[in-house]
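Computation of the quantities below employed the complete heavy-atom set of this structure, encompassing side-chain atoms and omitting hydrogens, waters and symmetry-equivalent molecules.
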Amino acid sequence: MVTLEDVARQAGVSLATASRVLNGSTRQVGAAMRTRVEKAAAELGYRTNVAAQTLARGASNVIGLVVHDLVDPYFAAIADGAMRAADAEGHVVMVGTTRRDPEREIAYVATLNAQRAKAVLIAGSRVADPVATARLKAELDRYRAQGGRAACVGQDLLGVDTVAPANHAGAARLAGALADLGHTRFAVLAGPPHLITAADRRAGFQAALAERGLPEPQIVYGRFDRDGGHAAAASVRPDVTCVFAVNDVMAVGALAAFRERGVRVPEDVSVAGFDDIPTLRDHVPALSTVRLPLAAMGSLAVELALAGEDEPQVVAMEGEVVLRESVRAI
């Protein structure tokens, strides 16, 4: 691989001079010397080190991405889309995880503001806490007042450009598709009641069943992760024929719990999730779910933030119902 040292040697200049030319330093280099460095770089096929550009420019091309949990494939897919879009524009993405702590989320925005990040992306559900939401919005307002740009993936509650997954509508469509297979007795592994994404999905599913005159589903609350789904599955009533977990990782936990108890999926009970995270597409049995374009959501958030429109835009991302082997008709 061609290094910056190779370019400096071929151009007959110091390493520092080559770096100033190719890594975006604000320090001026004479036209003749700049031409020599750029010609050497072209001849050798040198690729600019974007991370080095970031340091040279005082972090002016850094985009901060704040997510709840990078181990969760949902956020990993969004981060991947954001990083690809940022790289195409010559930006670097720095990722911070909050572990679903609103205070850490606020602190990250303040830190990125102090570091003069060009843009901040917030990915993840809001919680049903108006005070926490107002404090985060105020921190984002301070950041934007100093020239920063911001976007979020989640609910439109922060006054910034927003990529909004259609959680309620997607869950409603899934409920309709499962009812069309003949299911009438459902359980919903509903996640935490204070998490707006989980609540929207639960409410959409319930509303669709009510519109069809079907019985109210059993609601089981718990953590919004694999272990939460595993624990919640233990409380599912034996008469239930179909379980809807409000995200895919909870569904995977439920599948493991059923397998441990000798409950067959889908022969004894059908299971569906939400998100269609890429890492589960080869799971056995293949999980029925609502597919969200996760990488595209991350990419779009970057595009909205960098566009810097005066009026915040809200772009709804519709989900597609995907029925696979984890559900069956009855």
For the side chain of [X] and the backbone of [Y], is there at least one donor-acceptor N/O pair under 3.5 Å apart?
X: Gln218; Y: Arg237; value: yes
X: Asn61; Y: Gly90; value: yes
X: Asp6; Y: Thr3; value: yes
X: Ser299; Y: Ala295; value: no
X: Gln155; Y: Arg126; value: yes
X: Thr97; Y: Leu70; value: no
X: Asp200; Y: His168; value: no

With the threshold set at 4.0 Å, does a side-chain nitrogen-carboxylate oxygen contact exist between [X] and [Y]?
X: Arg144; Y: Asp141; result: yes
X: Arg201; Y: Asp275; result: yes
X: Glu89; Y: Lys118; result: no
X: Glu103; Y: Arg135; result: yes

Residues passing the side chain to side chain donor-acceptor pair (under 3.5 Å) test with Asp268, sequence neighbours excluded, are Arg264

For Arg36, enumerate each residue passing the side chain to side chain donor-acceptor pair (under 3.5 Å) test, keeping only those at least two apart in sequence or located in another chain. none

Report yes if some heavy atom in the side chain of [X] is under 4.5 Å from a heavy atom in the side chain of [Y]; otherwise report no.
X: Val62; Y: His91; answer: no
X: Val265; Y: Glu325; answer: no
X: Glu318; Y: Arg173; answer: yes
X: Phe75; Y: Leu294; answer: no
X: Glu320; Y: Val290; answer: no
X: Gln206; Y: Glu216; answer: yes
X: Ser288; Y: Ser326; answer: yes
X: Val249; Y: Pro73; answer: yes

Side-chain polar contacts of residues 178-195 - donor-acceptor pairs under 3.5 angstrom, sequence neighbours left out - could you list them?
from: Asp180; atom 1: OD1; to: Arg212; atom 2: NH1; distance (Å): 2.9
from: Asp180; atom 1: OD1; to: Arg212; atom 2: NH2; distance (Å): 3.2
from: His183; atom 1: ND1; to: Thr241; atom 2: OG1; distance (Å): 2.8
from: His183; atom 1: NE2; to: Arg328; atom 2: O; distance (Å): 2.8
from: Arg185; atom 1: NE; to: Asp239; atom 2: O; distance (Å): 2.6
from: Arg185; atom 1: NH2; to: Asp239; atom 2: O; distance (Å): 3.4

Within residues 149-171 or reaching into it, pairs that qualify as salt bridge (charged side-chain N to carboxylate O under 4.0 Å, His left out) - sequence neighbours excluded: none

Side chain to side chain donor-acceptor pair (under 3.5 Å) contacts in which one or both residues fall within residues 66-75, not counting sequence neighbours: His68-Arg100

Evaluate whether atom CZ of Arg291 has more than 12 neighbouring non-hydrogen atoms of other residues, nucleotides or ligands under 6.0 angstrom away. yes

So for atom CE, which belongs to Met317, do other residues, nucleotides or ligands contribute more than 12 heavy atoms lying within a distance under 6.0 Å? yes

Heavy-atom closest contact ([X] atom, [Y] atom, distance):
X: Ile63; Y: Val302; result: CD1-CG1, 4.1 Å
X: Val327; Y: Ala272; result: CG1-CB, 4.4 Å
X: Asp248; Y: Ile277; result: OD2-N, 3.0 Å

Got a sec, which hydrophobics cluster with Val66, joining ILVMFWY side chains under 4.5 Å apart, including via others? Ile106, Tyr108, Val109, Leu112, Val120, Ile122, Leu136, Leu140, Tyr143, Leu158, Val160

